Amino acid sequence: MSQFQLHDSQRRATVPFEPLDPGHVRVYYCGPTVYDVPHIGNLRAMLTADLLIRLLRRLYPRVTFVRNITDVDDKITARAKANGEDIGHLTERTTAEFHAGLAAMNMIRPDIEPRATHNIGEMQAMIDRLIRQGHAYVAEGHVLFSVTSFASYGALSGRDPDELVAGARVEVAPYKRDPGDFVLWKPSTPEQPGWVSPWGRGRPGWHIECSAMAHRYLGESFDIHGGGTDLLFPHHENERAQSLCCFPNGKFANYWLHNAMLLVEGEKMSKSLGNFHTLSDVLKRVPAEVLRLQLMSAHYRSLLNFTWTGLNESRKTLDRFYRALQAAKFSGPPNRPPPAIFLESLCDDLNTPQAIAEMHKMATKALTGDIEAAEDLMAAGNMIGLLHTPVQSWFKTLVSGSNDLPEVEIEALIAERLTARKAKDFARADEIRKTLAEEGIILEDGPTGTTWRRA
RNA sequence: GGUCCGGUGGCAGAAUGGUGAUGCAGCGGACUGCAAAUCCGCGUACGUGGGUUCGAUUCCCGCCCGGACCUCCA
């Protein structure tokens with residue numbers, strides 16, 4: 001097995017991965033803020049985490065994957081108010097949709113999925129400790145972290161704290177000692193969610209929750225912390241500052257993993273541009289496996305441009321893979337590990353495009369009847385969450401539902417066409433082919449008879 | 001303005017200091033009543049100007065272009 005290496009944002013280099021404890025690898029990922037249904041942009045970080053965990057589980061005996069749910073946030077409060085919906089109802093509903101979406105995408109679930117609201121005590125304990133250690137101060141009902149109290153502030157994101165002030169686009173609150181100081185705890189109005197605290201009834205700032213939950217479930221030092229590049233600053237920088245100041249003997253995250261963003265038709269996805277796609281929008285048009293493959297078709301640190309034509313290519317790729325399994329007459333569960341060359345691709349900083357290229361090479365062999373290659377293909381696909389659909393049903397899967405032609409009618413037309421062909425009535429045979437084609441059914445005449453699939 | 005990342009064939013997308021992945025699309029052929037699928041074969045690239053080197057798409061510098069982040073967007 002080749003050495004697993006990954007790109008560490010803090011070191012700004014791709015380096016060999018050395019676990020703090022080879023007997024137990026520990027990973028923390030920033031999870032969703034549950035105020036809306038999941039969209040395809042959310043999925044990229046989720047998929048990167050999924051692939052990372054799948055690979056780590058193959059390399060190490062024990063892996064603990066923690067991913068939080070942020071269920072207290074001003075966006076949530078605002079959305080609940082706009083919807084006329086109870087906050088608890090909103091967060092429960094969107095959490096359930098998030099879980100359902102990830103399950104549809106065949107993503108492995110975290111071992112621990114803590115909720116921010118269940119960890120307020122842990123956050124308060126950290127804040128209290130930061131105040132006592134001189135890293136935080138109380139001002140006008142807020143508790144603020146003092147960035148000047150932490151010498152290496154900015155080291156993770158590669159920023160000079162002095163330069164942050166110049167470009168700041170948000171007005172600096174007057175009670176801050178330094179413009180870079182950020183909120184650990186803030187006062188709540190009676191309508192806002194709040195918890196009693198030594199600093200008055202209030203709610204936590206955004207960053208402290210991840211520090212608190214990571215500490216509670218993974219300790220002062222753990223292996224990998226991940227999320228989207230948009231979180232690098234300020235979120236992760238602040239998490240790191242809080243945690244290292246609170247627990248100076250720990251190292252917090254040993255490796256930082258950041259995935260690039262997703263574009264839609266070359267532009268940032270946004271509601272105002274009309275290119276905003278929720279997960280369920282996409283799953284109405286293609287099987288989840290197709291979207292999963294497309295999200296893996298670019299390296300996780302590269303921008304991924306989501307397009308419908310790109311999705312269609314991923315669909316064709318999966319058709320090819322399933323055909324390869326079919327051609328080799330192999331469809332059982334894999335009883336072997338994926339080929340070494342495939343694992344080596346993944347071990348090279350999760351190089352999924354290369355891993356998929358290797359799958360294509362396996363498929364090419366399998367298509368000529370190489371059953372060994374088909375088994376390799378299946379094992380490789382399953383490892384990254386693909387090719388779980390029974391081969392026979394892949395080509396007949398309904399996506400859009402509703403008024404698709406029932407299978408019995410398809411079979412009846414095929415039988416009629418067979419009769420026509422035997423009678424050399426090719427006009428009628430072609431007419432039936434055309435009729436079915438208009439319904440999105442493609443017929444394939446083979447040596448053993450006619451099969452059909454949905455286009 | 002600051003920091004960082006990237007510019008590869010028609011498209012998507014990797015690797016790599018010297019034989020130029022992989023897929024889609026395209027072209028030619030085989031197979032087929034016609035198709036589909038499959039098989040065989042073919043073509044096309046390294047933003048730009050310098051530098052280092054026997055040799056650069058790969059390393060270094062400038063320029064152009066694109067993108068991300070710059071206090072609560074995954």
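Because the structure is predicted, anything quoted here is derived from the model rather than measured.
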Taking only side-chain N and O atoms of [X], does any of them lie within less than 4.0 angstrom of OP1 or OP2 on [N]?
X      : N      : answer
A:K316 : B:rA25 : yes
A:K75  : B:rC73 : yes
A:S345 : B:rA15 : no

Nearest whole Å is fine: how far is [N] [atom2] from [X] [atom1]?
X      : N      : atom1 : atom2 : value
A:I441 : B:rA36 : CD1   : P     : 17 Å
A:K434 : B:rC34 : NZ    : C1'   : 14 Å
A:D370 : B:rU38 : CG    : P     : 17 Å
A:Y300 : B:rA68 : OH    : P     : 20 Å
A:D8   : B:rC5  : CG    : P     : 14 Å
A:Q326 : B:rC39 : CD    : P     : 13 Å
A:D430 : B:rA36 : CG    : P     : 12 Å
A:I356 : B:rA21 : CD1   : C1'   : 14 Å

Hey, is CD1 on A:I341 packed in by over 12 heavy atoms from elsewhere, all under 6.0 Å?
-> no
With no angle test and no hydrogens, is the base of B:rG33 tied to the side chain of A:R421 by a donor-acceptor pair under 3.5 Å?
-> yes
What about A:R44, does its side chain sit under 3.5 Å from the base of B:rA74 through a donor-acceptor pair?
-> no
Answer with base, sugar-phosphate or nothing: what part of the nucleic acid does A:L43 contact at a heavy-atom distance below 4.0 Å?
-> nothing
Please check if the side chain of A:T352 supplies one atom and the backbone of A:S297 the other of a donor-acceptor pair under 3.5 Å.
-> no
With A:D71, the side-chain hydrogen bond (donor to acceptor under 3.5 Å, both in side chains) member among A:T95, A:T117, A:T94, A:T91 = A:T117
Look through every strand shown and name the nucleotide pairing with B:rC59 as Watson-Crick or G-U wobble, where both distances are under 3.5 Å.
-> B:rG51
Can you tell me, in whole Å, how much space there is between the C1' of B:rU32 and that of B:rU16?
-> 43 Å
